[in-house]
Amino acid sequence: MKRKGIFLAMIVGLVLLVGCQNRNNQYEQSMHKAKEAIIEKKFDQAEDFVALAIEIKEADTLAKNYQVQLKAYQEGLKLKKAKKLDEAKAKFTEVTKVKVGSEKLVEYAKKELADLTKETEKDSKNKKENKKKEETKLWTKEQSAKLADFMASWGQTMDQEYQAYNPQKNVDLYGIQLPQGVLDGQMGMGVDGEKVTIEWSEDGSGSADYQLVEVYSDADTQPYLKKHVYFFAFKNGEGRVYVTQQNQGNPENVLYFKETENQALKTGFANLLSQQKKNNSEATKESSTTKTSLRERLNGTYYNESTNEAVFSIDDSFYRDIQSEKDYPIDQVTINDQVTITWDIEKFEEKYGPRSAGPGPQPFIYKVKSTSDEIVLEDMMGQTLIKK
């Protein structure tokens with residue numbers, strides 16, 4: 001009887017062993033299929049295989065980490081497509097932070113981060129260039145409004161009434177519609193006896209000989225042979241006021257202008273231009289000073305607002321990761337709506353050894369939340385970092 005019990009126990013153990021082996025085989029096959037699907041970038045299939053592996057081994061850490069990475073990576077792709085770049089970076093960074101998981105997904109995520117960094121830097125560069133263009137415009141809407149006030153006042157002193165015109169609203173000067181008549185070539189334009197090219201410009205920039213920014217005329221209120229049309233234009237970046245009273249055609253089919261001799265009008269326009277140049281200079285100087293000041297103020301140690309743990313420190317030479325206790329030699333720091341810290345890989349590997357920078361090393365990027373009192377940053381995971 002005793003021998004029979006022992007034999008029965010052996011059979012049960014053998015069945016359990018075979019069952020366990022079968023489950024292990026099923027788990028290994030599921031994970032293998034998941035890895036193949038990831039390589040082929042069939043992420044939905046990979047998720048199904050990982051879910052099956054977790055069903056077989058509910059407590060398995062590796063499969064669960066794969067599941068976390070797959071979810072974060074696919075969410076990152078959707079956010080990237082929706083142009084929510086900061087949120088996409090947070091998701092891809094989440095993938096790379098998983099210590100024991102899919103190395104292939106980490107590789108994909110790092111490539112996405114590199115692409116997003118380039119795209120962000122490109123957007124930042126474009127914004128910077130657009131802002132610079134805005135700050136250095138030769139002519140602005142604010143100047144246009146001031147010129148309107150000036151022309152109303154100056155017209156009163158001349159006992160004349162001036163109105164503003166543009167390509168959509170033309171004045172009739174003895175049968176020719178201005179400014180459109182010279183802009184579209186119905187008549188040529190001449191200055192001081194020479195034929196020139198002219199174009200309409202909102203800001204004073206352009207490629208023609210002259211950039212026309214404003215047109216004023218008293219033609220609607222003045223009697224015959226007393227009508228004036230004034231062109232406010234730029235040539236090679238210099239603003240001038242040109243006038244015509246031409247009342248007849250000519251064989252050349254050219255409408256001739258000359259620079260106005262009215263000193264008050266010349267001075268009024270020149271004062272507006274002088275003020276704009278001053279504003280451009282001050283804006284450029286202020287922008288440069290602000291960036292220098294921000295770079296200096298950036299130095300210090302930053303703490304996680306929620307946990308009060310030190311995250312990183314930065315000075316003029318190094319970015320230091322507090323957790324890893326590694327110093328990253330700073331190559332460049334760019335500050336706009338975010339802080340981008342690029343580092344010197346060669347110097348880093350000289351200190352910590354070959355390949356210590358890892359595959360596809362990335363810059364450190366933080367969103368700027370505030371620069372009023374102390375600089376407040378936000379990392380790609382949405383954590384607020386405060387300098388102390």
Side-chain angles (χ1 to χ4, degrees), residues 43 47 61 64-103 105-128 294-295 297-314 319-326 328 330 332-343 358-388:
F43 301 116
E47 280 192 310
T61 302
K64 288 182 177 179
N65 285 348
Y66 266 58
Q67 192 174 54
V68 169
Q69 286 178 302
L70 280 164
K71 182 180 178 182
Y73 184 76
Q74 291 189 91
E75 288 178 354
L77 291 177
K78 291 178 182 177
L79 290 165
K80 178 185 176 182
K81 188 175 181 180
K83 297 296 182 182
K84 298 179 179 179
L85 303 189
D86 287 340
E87 295 176 48
K89 285 181 182 178
K91 288 298 177 182
F92 293 133
T93 301
E94 188 178 326
V95 175
T96 66
K97 294 293 184 182
V98 176
K99 299 299 182 184
V100 180
S102 168
E103 293 183 1
L105 283 173
V106 169
E107 178 187 324
Y108 291 161
K110 285 185 174 181
K111 185 179 184 305
E112 292 291 345
L113 284 168
D115 291 344
L116 285 174
T117 298
K118 290 179 182 177
E119 190 170 344
T120 302
E121 289 177 348
K122 182 179 178 181
D123 288 344
S124 177
K125 183 180 179 181
N126 289 338
K127 287 179 181 177
K128 181 179 177 182
L294 277 176
R295 177 61 188 95
R297 290 172 55 208
L298 186 66
N299 290 346
T301 302
Y302 289 79
Y303 293 77
N304 186 305
E305 185 181 40
S306 301
T307 63
N308 202 34
E309 294 180 349
V311 178
F312 74 89
S313 63
I314 184 173
Y319 170 98
R320 180 175 178 79
D321 185 288
I322 303 297
Q323 186 176 4
S324 67
E325 296 185 346
K326 288 185 177 180
Y328 295 78
I330 293 174
Q332 185 177 7
V333 177
T334 304
I335 305 174
N336 32 66
D337 55 342
Q338 65 181 24
V339 175
T340 303
I341 305 166
T342 56
W343 44 285
Q362 303 297 317
F364 299 102
I365 301 174
Y366 299 95
K367 182 179 180 181
V368 178
K369 293 186 68 176
S370 174
T371 58
S372 53
D373 295 324
E374 288 293 350
I375 295 178
V376 180
L377 305 176
E378 183 179 285
D379 65 16
M380 293 296 103
M381 302 297 289
Q383 298 292 319
T384 298
L385 306 176
I386 299 176
K387 189 176 82 169
K388 295 185 179 180

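One is the number of the first residue; the rest follow in order along the sequence.
Closest heavy-atom contact between Ile314 and Leu298: CG2-O, 3.3 Å. Between Lys387 and Asn299, the closest heavy-atom pair is NZ-O, 3.1 Å. Considering all non-hydrogen atoms of both residues, Asn65 and Gly101 come closest at CB-CA, 4.2 Å. In terms of heavy atoms, Ala109 sits closest to Phe92 at CB-O, 3.5 Å. Counting all heavy atoms, side chain and backbone alike, Ser313 lies closest to Thr301 at CB-OG1, 3.5 Å. Minimum interatomic distance between Ala88 and Gly76 (heavy atoms only, all atoms of both residues): CB-O, 3.6 Å.
For the pair Gln338 and Asp86, the minimum side-chain heavy-atom distance is below 4.5 Å. For the pair Leu70 and Glu47, the minimum side-chain heavy-atom distance is below 4.5 Å. Contact of the Asp337 side chain with the Val368 side chain is not registered, since no non-hydrogen atoms from C-beta on lie closer than 4.5 Å. Put simply, the side chain of Leu77 reaches to within 4.5 Å of the side chain of Glu112, judged on heavy atoms.
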Item to complete: Apply ring-ring contact (aromatic ring centres under 6.0 Å, His included) to the pair Tyr73 and Phe43, showing each step before the final yes or no.
Response: CA-CA 9 Å; Tyr73 184 76; Phe43 301 116; 5.2 Å; yes

Worksheet item: Gln383 and Val311: side-chain contact (heavy atoms from CB on, under 4.5 Å), yes or no, with the steps?
Response: CA-CA 11 Å; Gln383 298 292 319; Val311 178; over 6 Å; no

Practice prompt. Determine, stepwise, if the pair Glu87 / Lys80 fulfils side-chain contact (heavy atoms from CB on, under 4.5 Å).
Written response: CA-CA 8 Å; Glu87 295 176 48; Lys80 178 185 176 182; over 6 Å; no

Worksheet entry | ring-ring contact (aromatic ring centres under 6.0 Å, His included) between Tyr366 and Tyr302, worked out | CA-CA 11 Å; Tyr366 299 95; Tyr302 289 79; 7.6 Å; no

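Judged by distance alone, with hydrogens and angles left aside, the side-chain atoms of Thr342 form a donor-acceptor pair with the main-chain N or O of Gln332 at under 3.5 Å.
Ile341 CD1 to Thr334 OG1: the interatomic distance, rounded to the nearest 0.5 Å, is 9.5 Å. To the nearest 0.5 Å, the span separating CG on Asp379 from CZ on Phe312 amounts to 9.0 Å. Here the CG atom belonging to Leu116 is positioned 6.0 Å from the CG atom belonging to Leu85, to the nearest 0.5 angstrom. Rounding to the nearest 0.5 Å places CD of Gln362 at 9.5 Å from NZ of Lys89. Distance CG/Leu377 to CD1/Ile365: 12.5 Å, rounded to 0.5 Å. Rounding to the nearest 0.5 angstrom, the gap separating the CD atom in Glu103 from the NZ atom in Lys110 is 10.0 Å.
Among pairs with a residue in residues 92-101, those fulfilling salt bridge (charged side-chain N to carboxylate O under 4.0 Å, His left out) read Lys91-Glu94, at least two apart in sequence or across chains.
Around NZ of Lys111, the count of heavy atoms belonging to other residues, nucleotides or ligands within 6.0 Å does not exceed 12.
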